Amino acid sequence: MDLDELYQEVILDHYKHPRGTGLREPYEGESHQVNPTCGDEITLRVHVEDGRLADVSYQNVGCSISKASASVLYELVNDVPVDEARTKMDEFTELMNSKGLGEPDEDTLEDAVAFTGVSKYPMRVKCALLGWMALKDALIRAEASVPTPRGGAE
Amino acid sequence: MEAVNSLDVEAVRADFPILQRKIGDKPLAYLDSAATSQKPAQVTDAMRRFSDYSNANISRSVHTMAAEATDAYEGARAKVASFIGAPSPDEVIFTKNSTEAINLMTYAFQNASVERGADPRFTLRPGDEVVVTEMEHHANLVPWQQLCLRTGATLRWLGVTDSGRLDLDDLHEVVNERTKVVSFTHVSNLLGTVNPTAAVVARAKEVGALVGLDSSQAAPHLPVDVAGLGVDFIAFTGHKMLGPTGIGMLWARAELLGAMPPFLSGGSMIETVTMERTTFAGPPAKFEAGTPPVAEAVGLAAAIEYLEALGMDHVRAHEQDMAGYMLEGLGAVDGLTVIGPDVPTDRIATVSFTFADIHPHDVGQVLDSEGIAVRVGHHCAKPTCARFGVTATTRASAHVYTTTDEIDRLVSALEKVRKVFA
Ligand SMILES: Cc1ncc(COP(=O)(O)O)c(C=O)c1O
């Protein structure tokens with residue numbers, strides 16, 4: 001197997017220097033996701049303001065793929081309109097289900113195109129999607145919650 | 001009882017066709033036998049011979065093949081009985097795997113607890129206690145935990161020391177007059193520890209509790225003698241002892257099997273049936289509802305024959321050598337921490353470790369690129385992982401076909417892992 005294809009420089013860089021980590025306030029939706037096969041975990045919060053994802057914050061433990069994916073997620077969807085974030089989420093999910101055959105759009109997915117190789121490894125696709133599942137869930141929760149002035153749900 | 005390692009590993013390897021395969025362009029180094037072992041050609045040949053020549057359902061028809069199939073299936077039962085020193089083949093129940101064998105026990109308790117007139121040894125009420133350990137595979141934890149939740153009994157457990165041994169300091173407190181059953185792992189699948197069964201069994205007997213073992217990781221590597229162990233039941237599984245998947249075993253004392261309510265019910269386990277009522281056959285049939293895994297039993301018997309031909313003392317000695325070699329090699333790797341006993345005494349060659357801050361998934365992936373198959377994750381022992389403050393480990397495990405060369409490859413590939421993630 002071609003290790004370099006899986007562990008692209010971009011991925012290792014995000015893993016070693018993750019962007020946007022830490023849980024922040026305010027937020028309207030929070031999601032906790034676990035990968036039961038390996039114990040990887042992420043808690044992710046979204047702060048939505050005027051239809052934009054004003055902040056995405058997260059804390060996670062996991063492998064290089066799941067950590068790099070969360071970091072790339074932050075770069076892609078932080079401070080973008082919610083609709084656009086959803087589009088990117090769908091594109092990334094589709095890429096991960098492409099079994100290595102996806103042809104991602106670098107304009108929308110940016111660093112996330114480096115994950116094309118990951119989609120060839122079924123055992124690792126779940127790692128790459130963990131943060132995105134948390135984002136999807138947190139957005140649903142944010143929509144359902146009535147925003148409070150301080151934003152916290154707890 | 002240290003036997004000299006006189007296993008001819010190269011001759012053994014020649015019997016395992018899968019060991020010839022390559023992963024990419026690298027020869028396979030299979031160090032994941034604790035998850036499932038590989039099968040020698042003798043096992044697959046026996047299964048194919050049965051399927052191509054004698055396949056029939058058992059105990060149902062009078063034709064020649066049905067008789068052959070019944071003989072083969074019952075022959076396998078006798079083979080298992082003699083392998084573990086059971087006084088009678090009728091004490092061996094075939095199941096799907098260890099998990100089902102353990103559930104067969106826990107459901108005997110659960111069913112007895114709701115049926116009238118059940119044997120009191122199997123009835124659980126609030127105030128009764130069930131004992132396991134903190135080093136169980138989920139298969140010997142979750143069923144007992146669920147049983148306790150449903151009956152109101154209390155689940156208790158023996159702890160694990162920092163060096164990965166069973167903590168017997170509070171044995172007398174944890175196993176006490178309220179204890180009705182103690183079920184613990186014979187050998188830990190995560191730590192590799194071979195447990196001191198005698199002390200726990202003696203205490204269980206002293207308080208009048210039933211006591212059994214999860215021998216899933218013991219039967220493949222050590223001589224197991226149920227009479228010598230003095231236990232009431234053991235569970236083990238075919239696919240970890242060079243046999244096929246789809247077959248496991250429960251052994252229990254005949255008298256207990258007689259007193260236990262059945263787990264699954266349906267065909268083949270009855271004495272007589274009317275629309276209103278059923279009376280059950282005696283053991284083992286009482287616990288084997290439906291068509292059993294006949295071809296798998298044939299394969300299992302061939303696996304046991306294979307192990308017996310090698311000699312379980314020699315299998316054990318080789319295992320011990322591999323354990324020592326693994327601990328030495330891995331112990332010298334900078335940043336590597338063994339989770340479990342760091343000496344080869346009372347342990348098998350199943351070694352879990354953490355490596356620097358690198359996630360086991362990443363370790364396993366890079367090792368795979370070198371053709372080395374290890375297991376990564378929590379190994380179905382989450383509480384044991386939690387006990388050692390980790391969510392996952394990398395685990396290398398050996399069997400009769402494992403070579404020191406494969407272990408050397410593992411150790412040097414860890415340097416490649418380090419390079420990728422440094
Ligand atoms: C100690 C132990 N108990 C139980 C099991 C469960 O075996 P099976 O999956 O064959 O039921 C395993 C294997 O995974 C094990 O290692």
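Excluded from the calculations below are hydrogen atoms, water molecules and symmetry mates; all remaining heavy atoms, backbone and side chain alike, are included. The chains referred to below are lettered A, B, ... by the order of the sequence lines, with proteins before strands, and numbering in each begins at 1. Since this is a predicted model, take the numbers as computed values, not measurements.
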Open item on the list: Would you say the ring centers of B:His137 and B:His379 fall short of 6.0 Å from each other?
Closed with: no

Open item on the list: Over 60° means perpendicular and under 30° means parallel, so tell me whether B:Tyr401 and B:Tyr30 are parallel, tilted or perpendicular.
Closed with: tilted

- [ ] Kindly give the heavy-atom pair with the smallest separation between B:Gln217 and B:Ala34, and that separation in Å.
- [x] NE2-O, 3.0 Å

TODO: With a 4.5 Å cut-off on heavy-atom pairs, point out which of A:Arg124, A:Lys16, A:Glu41, A:Lys67 contacts chain B the most.
DONE: A:Arg124

Task: Contact origin within B:Lys22 toward chain A - heavy atom pairs under 4.5 Å - done: neither

Open item on the list: Please confirm whether the ring centroid of A:Tyr15 lies under 6.0 Å from the ring centroid of A:Tyr7.
Closed with: no

TODO: Using non-hydrogen atoms and a 4.5 Å limit, figure out which bit of B:Ala422 sits close to chain A: side chain, backbone, both or neither.
DONE: backbone

